[in-house]
Protein chains: 2
Amino acid sequence: MNTLFYMVPLASLIALFFAWLFYAQMKKTDEGTPTMKEIAKYVRDGAMAYLKQQYKVVTIVFIILAVIFAIMAYGFNLQNSWVPFAFLTGGLFSGLAGFIGMRTATYASARTANAVGKSLNSGLKIAFRSGAVMGLTVVGLGLLDISIWWLILNGFVHEASESQKLIVITTTMLTFGMGASTQALFARVGGGIYTKCADVGADIVGKVEADIPEDDPRNPATIADNVGDNVGDVAGMGADLYESYCGSILATMALGASAWFGDVEMQTKAIMAPMMIASLGVVLSILGIYCVRTKDGASLGDLLKSLSRGTNLSAVLIAVATFGIFRLLGFSNWWQLSLSVLSGLVAGVIIGKITEYYTSHSFKPTRKLAESSQTGSATVIISGIGLGMISTAIPVVTICIAILLSFGFATGFDFSQATLSQGLYGISIAAVGMLSTLGITLATDAYGPIADNAGGNAQMSELDPEVRERTDILDSLGNTTAATGKGFAIGSAALTALALLASYIEEIKIGLHRIGEQVTSVGGQMIDATNASIPDIVSFYEINLMNPIVLTGIFVGAMMAFLFCGMTMNAVGRAAEKMVVEVRRQFKAIAGILEGKARPDYKNCVMISTRAAQQEMILPSMLAIIVPIIVGVILGPAGVIGLLAGALGAGFVLAIFLANSGGAWDNAKKYVEEGNYGGKGSECHKATVVGDTVGDPFKDTSGPSLNILIKLMSMVSIVMAGLTVVMH
Amino acid sequence: MNTLFYMVPLASLIALFFAWLFYAQMKKTDEGTPTMKEIAKYVRDGAMAYLKQQYKVVTIVFIILAVIFAIMAYGFNLQNSWVPFAFLTGGLFSGLAGFIGMRTATYASARTANAVGKSLNSGLKIAFRSGAVMGLTVVGLGLLDISIWWLILNGFVHEASESQKLIVITTTMLTFGMGASTQALFARVGGGIYTKCADVGADIVGKVEADIPEDDPRNPATIADNVGDNVGDVAGMGADLYESYCGSILATMALGASAWFGDVEMQTKAIMAPMMIASLGVVLSILGIYCVRTKDGASLGDLLKSLSRGTNLSAVLIAVATFGIFRLLGFSNWWQLSLSVLSGLVAGVIIGKITEYYTSHSFKPTRKLAESSQTGSATVIISGIGLGMISTAIPVVTICIAILLSFGFATGFDFSQATLSQGLYGISIAAVGMLSTLGITLATDAYGPIADNAGGNAQMSELDPEVRERTDILDSLGNTTAATGKGFAIGSAALTALALLASYIEEIKIGLHRIGEQVTSVGGQMIDATNASIPDIVSFYEINLMNPIVLTGIFVGAMMAFLFCGMTMNAVGRAAEKMVVEVRRQFKAIAGILEGKARPDYKNCVMISTRAAQQEMILPSMLAIIVPIIVGVILGPAGVIGLLAGALGAGFVLAIFLANSGGAWDNAKKYVEEGNYGGKGSECHKATVVGDTVGDPFKDTSGPSLNILIKLMSMVSIVMAGLTVVMH
């Protein structure tokens, strides 16, 4: 078994090696004309400056939290002594993943624009391989962090029994998940506010009022807008998926340790399985990435096929491979567990397709939305909100079926309490399967912003309009292939969050054991907490739906999802207003700006975005950390589980709604821009631009932050369980 | 005890007598000029025609459902034989309450406009007293229905023990709650679509495109708009609150019967208490209504004081009176239970105040929202959504505290499973307290639409603009005082829905007993279901938050809230588009229409609203009935409780968000219209009109329907529990 483990650091190094390789290859290509270089540098410097500023603020938060954890651990014995360090590395690696991804993206954009001038294919290659740098960096750093901590804790943790040791190791490792989640939330919220403040501000004055196109160099907010794409869509996404990836593996490891407590061999197998699947996923991702190549002069259809071939190949192969992994590890129910993983993968694909159906203008819903622009912006907003809300139905039902199937396969469809832990393990491993090919699915996701930025560079460098058209094609290609990746990300978030509920119970047991508290079992005996089952703890703390404390928790959890969204939404609104005022001011104050004779003051706009992001990201993010602690102290474990279930239920649905409304508005606008309902500049176009502008914070700020919020609240609860136990 | 019961029918008759009295007084006043009469008749006939059409459709649904219940009851012994009849009367009385309220309102509007021409005070009196007709009709009919069924079932139900008989009676009576909820949902959804389709359509073309004022007779949609106010805001609200009022009393009666199962005397007391509180509430409401009077020439402040005095007096007196009632009934914990009621009342007042803070333009949030109009409609939408989401925080926390306090007072702050039933009774009786003065709080709510319609009549009859200004003052006065009533309605809905979860468990027990199934108790013995406690059933069906079936239910429940909103939102969007097209067509086709020389074709617009409402109300409403049945059959009781908890958690928060966003947009627009940021006709005004238009379906269609949806899903689950039990 120990030999098998070394596959994990090996896979990590392979991933990082290929990330470096693709990066080096990209760097070797030509960055284009001096203007292109200059603009790229402008954007890159702005993005780096912002990220440095962001990391400064986040570092302060991390130090404060680490000190609190240290006091809890060393001062009051409420936590494991490794917790503060694990927490810090999670944050560090997550930040690093975002940083590397963004650095790559900012080097790649001008090169993509330059290459696309020669052929669509060479543009695709640069953008996609640069996206792959991010994908492979995320998985490489994730597996590295997991390997390091596994080795350290294995060497230094000492517990009464080997079985208990595995429980303590895996739950301690969850702490670095909390570090990653904290970093990710700040990255998503800060980056999301930055990018949408600039985007909304640029659109309102530029597109709606002054009638100049997107990314026009005459628009003072355009540099800020392009910087925003990098800090929000690239760095934010990188940190986000690092968090999801590690979270799913760590939660499954923790569940594996607890599901087979007392049987060290089975525990070890169950802990190894997610790491093995993830490691193999790295290799299969790289295989998939190399499949994305077309001959020169390839048609658009060929490019799309090529992209899909890569992701589909990796997904199919990992599905097949899991059968082998579980068999190799010697699980008696190897094919059933593999079917659990398969359920997750199929659910992810379905969610991706449904997302595409509701948000792509190749289908009826978005076309209807575009049609509603004929009666003005109000009906566009109403219809878009209606569309988004309705679009939640199938994904939710799909994920419910996946939950029941992955649980059912793992337990032989025994839904009683006796097999609860094994069933939850089935759910959790399904999430690992969905994210195991992140190396390539993230590449298809991250390459969109790169192509987008390439377009921005082309526009600002005043290249041949054909270049911009081609980058737009690349961008929209990416939107289609990214759907599967997004389906996996959304689906796995729900499954992982579910699994984390079980990890919370596990941590409660450890906390009880630490303070020497016994538990009344379901049978009525007093037993040591480490020997308690999940049903014992559930009954001991009355974590059932008739308990008003649980219901109170559910209310607060659901409210948290809305409050968090409202705060981030308002942050974007407020910041965008400032941006609009500034852009309007420049249009008036700087003579000749609209004729392209005078250069706008880009820096002021960058500053507005930076300040807004830094100021506004603190409060909502801290809320996610503080509320679970308060609920834990006041309402105890029953209230916390209610809180997490409420936030998960409402937050998951809300996230899908926001993402799909936003996506549909974006594409409805593009549909009109393609010449429908009067095309660009028509009244219908203006109405859809309003929709798109409202959709910006929906899909790029509030929506994507919700998944992290849900998991971060779970992680905080887990890390703080010791405190909760003492108070109750 | 039996003598005390006769207070209930007596109170019912008193309420209905005063309702008749106020109606007769109102009818005696002068309806004004022939034009005013004509327009009033137009609106009245349109409203009546629509209501008839609506009731036809709903009657078909009721007959189908009643037949299904009859088959369940008589064919398969899955239900009590009284269920189909109770269901029908609930629907009938709820419809009747809406009908009488609307008839009164349509007679009162021209009279109010006429009276207001003389003095503000006499206008207030007519509008308010007419609102009181609706308030008293709702409570009168509610108590009448309760009295009748209590007497019938007492005479005809035969069970093994007197204690079991009380359980069966009270849970059977919940069925007429389901009838009321079904009727209410159709009324709210159908009426909501009707009114907002007309309103949105009229606003988009009239205000935004043609620049003519609200209710202008040149606008073809204006009659439909005024009809809509009556069928949506008046008839819909009447049916809605009839459902809430009865629901809270019935749920408490059922909880009282189950909490003290085995102790007939305590059961009877606990059943009597809600009826007594409601009956006394009737008398105190009438007292309050008579306190709303001012001298002629009273200032605006006097009027406001007078209105507040009435509602506050009733609320304070009922708080005091509950102490007396519990004492009189001989509860040993009489003052603790009274404090439970007081917790609910205080929570309602706080929620009302917070609602006012977030939605009135006397306060910062709505003023900030108005300010955001300077940067266009997109920022108005983003900020309004942000405002609404943030505004959910304090109401949710308030209701959570009220839940814990009202539970805590009832059990001496023992939150263990042993006192669960009594604690839930405390929660439920708090809801009764909040709605007991509905006679007057509904008057302050219903009089707003009457004043609004009076304004419409004044405008269309081309009266002195001062009349319109005065009706606007009355309308905005109403908005302020209505806040408390709305706080009570929202808060009580959450508490009642919580109580209904317990009633569901009760009905599951009855279902198990009926098919002779035994239950494994918490202690591990096999016992008859009727002797099982709530914790026994919870443990038997594993209704805890680690059960994936429960979590699946929570997901589906949260999704249902969004899906339902999305469907109603889209229905309004689609219908409004048709209306816009029609109004635009008339503006073009009918020569001289905009100069006021030619009469628009009002009828076509009325027809569009009617058809849209009838077509679009069916699917979302049926969903609320079908989904709980499907979930029950597939996932069993654990899934159903999850579903209800998920729908309650997400739906409650979503409802507050929608109501407050909508309210704030409405008032931000009014704030601009008062001359701020350029006033009427400015760009800022147009931006706020877009906000107001989007807010229309938020606050008047989707939002208010959600509370009913949550309760209807609970009621359906309760009535269908027999079927669920057989399948699991």
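None of the values given here were measured: they were computed from a predicted structure. Here is how names work: the chains are called A, B, and so on, in the same order as the sequence lines, proteins then strands, and each is numbered from 1.
- A:A558 and B:G649 get closest at one heavy-atom pair: CB-O, 3.6 Å.
- With chain B as partner, the option from A:D692, A:L404, A:V550, A:L424 having the largest number of non-hydrogen pairs under 4.5 angstrom is A:L404.
- At least one side-chain heavy atom of B:F698 sits under 4.5 Å from a side-chain heavy atom of A:I385.
- Of the options A:V556, A:L551, A:I554, a side chain to side chain contact (heavy atoms under 4.5 Å, CB included) to B:C400 is made by A:V556 and by none of the others.
- Contact check for A:I204 versus B:T379: side-chain heavy atoms found under the 4.5 Å cut-off.
- In this structure, chain A has no heavy atom under 4.5 Å from any part of B:R574.
- Note that CD1 of A:I381 and OG of B:S377 are 7.5 Å apart. Values are rounded to the nearest 0.5 Å.
- With chain A as the partner, the residue from B:M567, B:R584, B:Q374 showing the most heavy-atom pairs under 4.5 Å is B:R584.
- Chain A forms more heavy-atom pairs under 4.5 Å with one residue of B:M559, B:E371, B:E209, B:K368 than with any other, namely B:M559.
- Only the side chain of B:V538 comes within less than 4.5 Å of a heavy atom in chain A; its backbone stays farther off.
- Counting all heavy atoms, side chain and backbone alike, B:I382 lies closest to A:M569 at CG2-O, 3.4 Å.
- Under the 4.5 Å side-chain criterion, counting only non-hydrogen atoms from C-beta, A:N544 is not in contact with B:E542.
- Heavy atoms of B:F564 lying under 4.5 Å from chain A are absent altogether.
- Both the backbone and the side chain of B:I543 come within less than 4.5 Å of a heavy atom of chain A.
- If you measure heavy-atom distances from B:L644 to chain A, you find no contacts under 4.5 Å at all.
- Heavy-atom minimum distance, A:L501 versus B:M546: C-CE, 3.8 Å.
- Interface residue B:L420: only side-chain heavy atoms are found under 4.5 Å from chain A.
- Both the backbone and the side chain of B:F415 come within contact range of chain A, each with at least one heavy atom under 4.5 Å from a heavy atom of that chain.
- Heavy atoms of B:I641 lying under 4.5 Å from chain A belong to its backbone as well as its side chain.
- B:I534 touches chain A through its side chain: at least one heavy atom from C-beta onward sits under 4.5 Å away, while N, CA, C and O do not.
- Comparing B:I537, B:I427, B:V580, B:V380 by how many heavy-atom pairs each has under 4.5 Å with chain A, the most go to B:V580.
- When all heavy atoms of B:N570 and A:S383 are compared, the pair lying nearest together is OD1-O, 3.4 Å.
- In this structure, the side chains of B:F562 and A:I656 stay at 4.5 Å or more apart for every pair of heavy atoms.
- Proximity of a side-chain donor or acceptor of A:E577 to a complementary backbone N or O of B:T375 within less than 3.5 Å is not detected.
- Heavy atoms of B:I505 lying under 4.5 Å from chain A belong exclusively to its side chain.
- Using a 4.5 Å cut-off between heavy atoms, A:L498 contacts chain B through its side chain alone, with no backbone atom that close.
- Residue B:V396 touches chain A through its side chain alone, counting heavy-atom pairs closer than 4.5 Å.
- With chain A as the partner, the residue from B:A494, B:S372, B:G646, B:G524 showing the most heavy-atom pairs under 4.5 Å is B:S372.
- When all heavy atoms are compared, the tightest approach of B:L545 to A:A645 is CD2-CB, 3.9 Å.
- Looking at heavy atoms from C-beta onward, A:V653 lies out of side-chain contact with B:L563 at the 4.5 angstrom threshold.
- In terms of heavy-atom pairs under 4.5 Å with chain A, the best-connected choice from B:V690, B:V694, B:T693 is B:V694.
- With a threshold of 4.5 angstrom between heavy atoms, B:S416 approaches chain A through its backbone and through its side chain.
- Proximity to chain A (any heavy atom under 4.5 Å) is restricted, for B:V522, to the backbone atoms N, CA, C and O.
- Taking every heavy atom of both residues into account, A:L648 and B:F555 meet most closely at CG-CZ, 3.7 Å.
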